[in-house]
Structure formats: structure tokens, C-alpha cells
Amino acid sequence: LGAPISLADDSLVVSGELTGLNIADFIFGSADFEITLSTVAVDLPTPQPDIALASLLTVGLTDLDLTIGDLTGPHFSITGGSLALALLKPKTPAPGDTRSWLALKGAVSSASFDGVDNLTVEVINLSLEINRASGDVGGANAAMPLDWAVALEDDVTAAGVAIDFSGDLLRASGVIRINIFDLVSGVVGFGFEQQVVDVDVDGNGSVDLVGATLTTLGLRIIPDDGNAGNGAEGLFVGAGGIGFSITSGSLALAIVKPA
């Protein structure tokens, strides 16, 4: 079920520069911004209590200088593109109501990947997707990520980007040129995600690493787009000109870093 939202008649627009930015402990850095603050009414699906007056904050981010992922581990560095951020929460919360919602969507025009030895990544294009909810009402009815595409009477947009997510998301994806240990190379589609996990390293049934960062990088073969500047899509496995080409399939890379 959706959560229809109708805009009230008040809004405030502010612009400037943000430093020390932290979005969902996944995106860090600085950017120019334009903020719009509006009051909305939220009709949530049962059993979620409706919100008669909620604050909807939209932020358009441009002139990006950002890091995606663990600052001391595997991460993307971004120096171009635009992002749309939306934050929603009750304007005057009822006692025990700690709910809030966050969504971020955007495209990046210049980025690099660092933090893994013997792994070289050149980013051809990159998109970001975050859709999160937090809090509950008196310890029950935990907030769920919104279905933004059907929840609003009007689109939520910032920096020319429309937010239209549904379901829980914390993901970066796109197309990259990759070289792994000078053995696997090519142009592929990818998905990059991070989450905090507990790890049983030796398989004895007890946790050895608490709060470790799990980074997953999924690679998939994509059709050749005919752009000679990008090179031929697909993977080559081998060295010294000896090896074989892969024209379909997928690979998954997982990295665990202690807290």
C-alpha cells in the first residue's frame, strides 16, 4: 500500500554549501545545495498511524566532492554529478513517535574506486540509490521505507532528479572498466553495497568480528553499447595475451573489514 502525501501551502528555500556531509553513514563529503522545506500530510497504510503535519525537506546537491563507502576501506570518490535528497518526519511528533524517512537518488559523472590492492576501477557511469526508514511509535509499528512513486500526489524532485523508490535500498551501481590482479579485465555493469555484520571467521559457531563492514561488489556482463571510446563490453581472463573472453554471466566480490 502507498502513503499518499499532499503538500500544504508553506515552503522555505535555502541555498549554499555543505561540508562534513554524512548521509546514512554511506556518503561523506561536501557539495553545493538548495534546500526546500514544506509541510505535508501523510496517510500511511494500516497499522501505521497517519501524520497530519509532517516536515518534508528536499535537498538538491551539485558540485559534488563525496566519498561513498567506508572512508578507511573500499570506497568511491566522486567529483561530479547531482543528487536529490528527501527527508520526512512528523512536524510535532506525538509522544513516542520517532519515525523518519530518508531517500537519495542521483547520477555521478566523475568517480574513482579506491581501497583494494590489485583492483583498478575506472567509473564510466554511476548512480546512487538510498531509501531508508527509522524509528517507531511507542516501541511498535516500526517505520517502513516509503514507496515514493505512488505515495505522493506530486513528484518529489531536487537538482532536476525525481525520487521514485520503493523498498529498502543502500546501493551504488553503474558501468565500470575493471582490472583484477592483471588477470580479469574489461567493461562491466556493477552493483556496490555495504552493511554492518557480525562474522564467525573460523566457523565454530561464535562471533569473532562484531560490527564488521561487509562490502559486496557484483559484476555482470552487459551488451556492447557500440561506443568505441568505452572499449568492448565483457571480460577477458588471462595474461600476456593468452586467455579467453566472457560475453555473459556475473561475478561477485565480497570484502569484510573489522570495525
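Throughout, residue positions are numbered sequentially from 1 according to the sequence presented.
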Student: Would you say Val161 and Leu56 are hydrophobically clustered, going by side-chain heavy atoms of ILVMFWY under 4.5 Å?
Tutor: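 Different clusters.
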Student: Please list all pairs passing the side chain to side chain donor-acceptor pair (under 3.5 Å) test where one or both residues lie in residues 51-67, with sequence neighbours left out.
Tutor: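 Qualifying pairs: none.
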Student: Among the clusters formed by ILVMFWY side chains lying less than 4.5 Å apart, do Leu53 and Val137 turn up in the same one?
Tutor: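 No, separate clusters.
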Student: So which atom in Ala159 and which in Gly60 form the shortest heavy-atom distance, rounded to 0.1 Å?
Tutor: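 Scanning both residues completely, I find the closest heavy atoms to be CB-CA, 3.8 Å.
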Student: Grouping I, L, V, M, F, W and Y whenever their side-chain heavy atoms are under 4.5 Å apart, do Val59 and Ile78 come out in a common cluster?
Tutor: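 Same cluster: Val59 reaches Ile78 through Ile, Leu, Val, Met, Phe, Trp or Tyr contacts under 4.5 Å.
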Student: Nearest 0.5 angstrom please: Leu21 CG to Leu85 CG, how far?
Tutor: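 Those atoms lie 8.0 Å apart.
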Student: Heavy-atom distance under 4.5 Å between the side chains of Ile180 and Asn118, does that happen here?
Tutor: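 The answer is no; the side chains never approach within 4.5 Å.
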Student: Mind listing the closest non-hydrogen atom pair of Ser82 and Leu64 along with its distance?
Tutor: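 Here Ser82 and Leu64 meet closest at N-CD1, 3.8 Å.
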Student: Could you tell me which residues satisfy side-chain contact (heavy atoms from CB on, under 4.5 Å) with Asp114, sequence neighbours excluded, listed by chain and number?
Tutor: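 Per chain and number, Asp114 pairs via side-chain contact (heavy atoms from CB on, under 4.5 Å) with His75, Ser77, Ser112.
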Student: Could you list the cluster mates of Val201? Members are the ILVMFWY residues connected by side-chain heavy atoms closer than 4.5 Å, either directly or through other members.
Tutor: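 Val197, Val199, Leu209, Leu214, Val256, which link up through side-chain heavy atoms under 4.5 Å apart, make up the rest of the cluster.
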Student: Verify side-chain contact (heavy atoms from CB on, under 4.5 Å) between Thr215 and Asp70, making sure each step is shown before the conclusion.
Tutor: CA-CA 9 Å; Thr215 301; Asp70 185 352; 5.7 Å; no
Student: Give a yes or no on whether Asp198 atom CG has more than 12 heavy-atom contacts from other residues, nucleotides or ligands under 6.0 Å away.
Tutor: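 Yes, enclosed.
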Student: Which pair of heavy atoms, one from Phe28 and one from Gly69, lies closest together, and at what distance?
Tutor: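 Heavy atoms only, the tightest pair is CE1-O, 3.4 Å.
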Student: Heavy-atom distance under 4.5 Å between the side chains of Leu87 and Leu102, does that happen here?
Tutor: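 The answer is yes, as the side chains (C-beta and beyond) meet within the 4.5 Å cut-off.
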Student: State the CZ-CD distance between Phe165 and Glu129, to the nearest 0.5 angstrom.
Tutor: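 Result: 4.5 Å between the selected atoms.
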Student: Are the side chains of Val184 and Ile178 in touch, meaning some heavy atoms are under 4.5 Å apart?
Tutor: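 No, their side chains stay 4.5 Å or more apart.
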Student: Give a yes or no answer on whether the side chain of Asn131 reaches the backbone of Gly167 with a donor-acceptor pair at less than 3.5 Å.
Tutor: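 Judged by distance alone, yes, a pair lies under 3.5 Å.
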Student: Check whether Asp168 reaches the backbone of Arg132 with its side chain - one donor and one acceptor, N or O, closer than 3.5 Å.
Tutor: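 Here the side-chain-to-backbone pair does not exist.
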Student: Among Leu219, Asn125, Val187, which one satisfies side chain to side chain contact (heavy atoms under 4.5 Å, CB included) with Ile176?
Tutor: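 Of the listed options, the one satisfying the test is Leu219.
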Student: So, do Ile130 and Ile23 sit near enough that their side-chain heavy atoms are less than 4.5 Å apart?
Tutor: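 The answer is yes, as the side chains (C-beta and beyond) meet within the 4.5 Å cut-off.
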Student: Show the numbers, then the answer: is there a side-chain contact (heavy atoms from CB on, under 4.5 Å) between Asp200 and Val207?
Tutor: CA-CA 5 Å; Asp200 177 8; Val207 174; 5.7 Å; no
Student: Please tell me if the side chains of Ser185 and Asn179 come closer than 4.5 Å, counting only heavy atoms from C-beta onward.
Tutor: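 Ser185 vs Asn179: side chains touch.
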Student: Can you tell me which residue pairs pass the side chain to side chain donor-acceptor pair (under 3.5 Å) test with a partner in residues 93-104, sequence neighbours excluded?
Tutor: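 Non-adjacent pairs meeting side chain to side chain donor-acceptor pair (under 3.5 Å): Gln48-Arg99, Asp97-Arg99, Ser100-Ser134.
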Student: Which atom pairs, one a donor and one an acceptor, fall under 3.5 Å between side chains of residues 234-250 and the rest of the protein, sequence neighbours left out?
Tutor:
none

Student: Taking the inter-plane angle between the rings of Phe192 and Phe76 on a 0 to 90° scale, is it parallel (under 30°), tilted (30 to 60°) or perpendicular (over 60°)?
Tutor: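 Taking Phe76 first and then Phe192, their aromatic rings stand perpendicular (interplane angle over 60°).
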Student: I'd like to know whether Leu83 forms a side-chain contact (heavy atoms from CB on, under 4.5 Å) with Leu128, so could you lay out the CA-CA distance, the side-chain angles of the two residues, the decisive distance to 0.1 Å, and finally the verdict.
Tutor: CA-CA 8 Å; Leu83 301 174; Leu128 304 174; 3.4 Å; yes
Student: How far apart are the closest heavy atoms of Ala172 and Phe190, and which atoms are they?
Tutor: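 Here Ala172 and Phe190 meet closest at O-CE1, 3.8 Å.
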Student: For a quick test of reading the model, state the closest non-hydrogen atom pair linking Arg171 to Phe26 and the distance between them.
Tutor: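 Nearest heavy atoms, Arg171 then Phe26: N-CE2, 4.3 Å.
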Student: Indicate, with yes or no, if Val210 and Ile255 share a hydrophobic cluster defined by side-chain heavy-atom contacts under 4.5 Å among Ile, Leu, Val, Met, Phe, Trp and Tyr.
Tutor: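 No; tracing contacts between hydrophobic side chains, which count when under 4.5 Å, never links both residues.
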Student: Just how far is it from atom NZ of Lys105 to atom CD1 of Ile163, taken to the nearest 0.5 Å?
Tutor: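 The NZ atom of Lys105 sits 8.5 Å away from the CD1 atom of Ile163.
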Student: Any idea which heavy atoms bring Leu119 and Phe113 closest together, and the distance?
Tutor: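 So the minimum-distance heavy-atom pair works out to CD2-CE2, 3.6 Å.
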Student: Working to the nearest 0.5 angstrom, can you tell me the gap between Leu251 CG and Arg220 CZ?
Tutor: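 Nearest 0.5 Å value for the CG-CZ distance: 12.5 Å.
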Student: Using side-chain heavy atoms (C-beta onward) and a distance below 4.5 Å, is Val108 in contact with Val123?
Tutor: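 Val108 does not reach Val123 side chain to side chain.
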Student: Among Ile, Leu, Val, Met, Phe, Trp and Tyr joined by side-chain contacts under 4.5 Å, find the other residues sharing a cluster with Met144 and list them by chain and number.
Tutor: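 Members besides Met144: none; it forms no cluster.
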